[in-house]
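Note that the coordinates shown come from a computational prediction; the quantities given were computed from them, not determined experimentally.
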Amino acid sequence: MKNPEEILELIKSNFPDFEVTFDSSMPVEPIISIDPVKIHLVAQFLKTNEELLFDSLMSLSGVDDANGTKTKEEDGTETITGGTLSVYYHLHSTSLKHKITLRTSSNRENPEIESVENIWKTADWHEREAFDMFGIIFLNHPDLRRILMPYDWEDTYPLRKDYKNPEFYHGMKVPY
Amino acid sequence: MGLLDKQFSDSNIVVAKVDDLINWARLSSIWQLGFGLACCAIEMMAASASSYDFDRFGVMPRNTPRQADAIIISGTVTLKMALRIKRLYEQMPDPKYIISMGSCANCGGPYWDHGYHVLKGVDRVIPVDVYVPGCPPRPEALFEGLLKLQEKIRNESLRKKSA
């Protein structure tokens with residue numbers, strides 16, 4: 001069983017040229033931030049290293065950080081440009097009983113993050129959901145389709161903070 | 001009701017209007033499409049089960065729209081599902097009736113503002129005969145809705161479909 005600081009040291013010693021940051025300022029578990037195009041390498045290491053053995057991806061969630069510049073539209077709504085979209089990975093080792101939280105952030109205009117589907121199969125549908133709700137593109141995902149919204153939904157992502165509902169869908173009025 | 005009060009004395013002949021006879025037959029065996037959407041479907045299933053016994057009103061679930069007379073929209077209608085509901089409705093033979101059960105199917109319910117995926121009332125895609133309010137309605141409320149639908153069918157005429 002290892003604490004987050006020890007896990008961080010292991011990651012840093014194995015990937016010396018990666019930019020890895022550590023955030024323990026929040027009252028929740030400490031969060032390790034990793035580059036979005038290198039997350040799969042770190043994930044593979046976390047799963048296979050004999051001192052870590054993170055065999056379970058408990059949850060993979062998309063987050064809209066809404067930290068870009070906000071501009072008010074004429075109709076009172078807001079649009080956000082710039083800033084980041086993040087993905088959080090909650091990992092657990094069933095044999096060694098330790099946990100860790102990873103975060104990776106990508107830019108809002110072209111959010112591309114490496115898929116971890118071939119490391120934890122759980123990630124398949126979780127990543128499809130994050131794609132469906134936030135429009136995060138998971139590189140090398142085998143089947144990145146929408147999972148909840150209709151397949152022919154236009155290119156808008158409902159859980160983004162500046163989302164606006166369309167007026168009509170297949171001739172049905174959407175607003176109340 | 002007028003169906004059986006004009007008996008002849010040997011009680012082998014009954015005289016009735018065709019309207020009355022057909023309406024009586026229709027309202028006494030409303031076969032519903034076996035179709036549930038959300039938590040309202042649980043109440044609908046409770047209504048079908050033994051302690052409430054929907055079958056005493058002649059209502060029983062059929063597994064194909066081609067054998068169904070009524071469809072109970074029991075729950076939240078998402079935009080994705082709305083297209084399928086419309087298709088099921090179109091596959092049902094006339095005469096066909098619709099009961100909208102619960103707040104979601106009536107008007108969007110708790111999803112009226114922020115439900116990006118919810119159709120705000122199933123009457124935007126198909127014509128509803130009876131609205132049953134509640135979140136979810138108890139089986140008794142669903143029975144009230146069914147009795148209202150029966151009332152509507154009882155006053156129908158062959159020349160003009162009202163329900």
Side-chain angles (χ1 to χ4, degrees), chain A residues 60-66 68 70 72-80 85-86 108 111 124-137 143-176, chain B residues 33 35-41 65 71-92 96 98-129 131-136:
Chain A
L60 184 156
S61 14
V63 172
D64 183 358
D65 300 313
K70 292 166 187 149
K72 278 257 190 265
E73 301 284 316
E74 282 173 18
D75 55 351
T77 56
E78 242 178 21
T79 42
I80 304 174
L85 294 172
S86 296
R108 190 184 187 86
D124 185 348
W125 282 17
H126 282 84
E127 287 180 350
R128 280 179 64 186
E129 192 187 356
F131 165 69
D132 197 357
M133 295 290 134
F134 297 96
I136 297 165
I137 311 291
D143 183 28
L144 196 66
R145 289 175 293 144
R146 285 187 181 270
I147 190 168
L148 297 166
M149 300 301 285
Y151 296 137
D152 59 353
W153 195 255
E154 57 184 285
D155 285 344
T156 56
Y157 302 100
L159 291 193
R160 286 200 186 186
K161 291 290 184 192
D162 59 349
Y163 173 74
K164 290 174 199 69
N165 234 4
E167 197 68 23
F168 285 94
Y169 173 70
H170 281 269
M172 298 178 286
K173 190 164 170 263
V174 179
Y176 184 71
Chain B
L33 181 60
F35 177 76
L37 284 179
C39 30
C40 281
I71 178 168
I72 299 176
I73 308 295
S74 52
T76 316
V77 182
T78 58
L79 295 167
K80 208 175 181 179
M81 199 67 197
L83 302 172
R84 275 83 173 166
I85 287 178
K86 196 172 172 203
R87 193 149 155 194
L88 284 171
Y89 175 74
E90 282 162 358
Q91 287 178 349
M92 285 163 61
K96 47 192 170 184
I98 295 162
I99 297 176
S100 166
M101 180 184 182
S103 297
C104 293
N106 291 345
C107 64
Y111 307 99
W112 67 279
D113 195 9
H114 298 291
Y116 54 86
H117 59 304
V118 176
L119 186 69
K120 314 294 188 287
V122 73
D123 50 7
R124 290 186 182 189
V125 286
I126 50 175
V128 174
D129 291 301
Y131 297 86
V132 180
C135 188

B/L79 versus chain A, the contacting section by heavy-atom distance below 4.5 Å: both
Given a strict heavy-atom distance threshold of 4.5 Å, which part of A/P166 is in contact with chain B: side chain, backbone, both, or neither? neither
Hey, what donor-acceptor pairs show up under 3.5 Å between chain B and chain A?
from   : atom 1 : to     : atom 2 : distance (Å)
B/K80  : NZ     : A/L148 : O      : 3.2
B/K120 : NZ     : A/V174 : O      : 3.2
B/R124 : NH1    : A/K173 : O      : 2.8
B/R124 : NH1    : A/P175 : O      : 2.9
B/R124 : NH2    : A/P175 : O      : 3.4

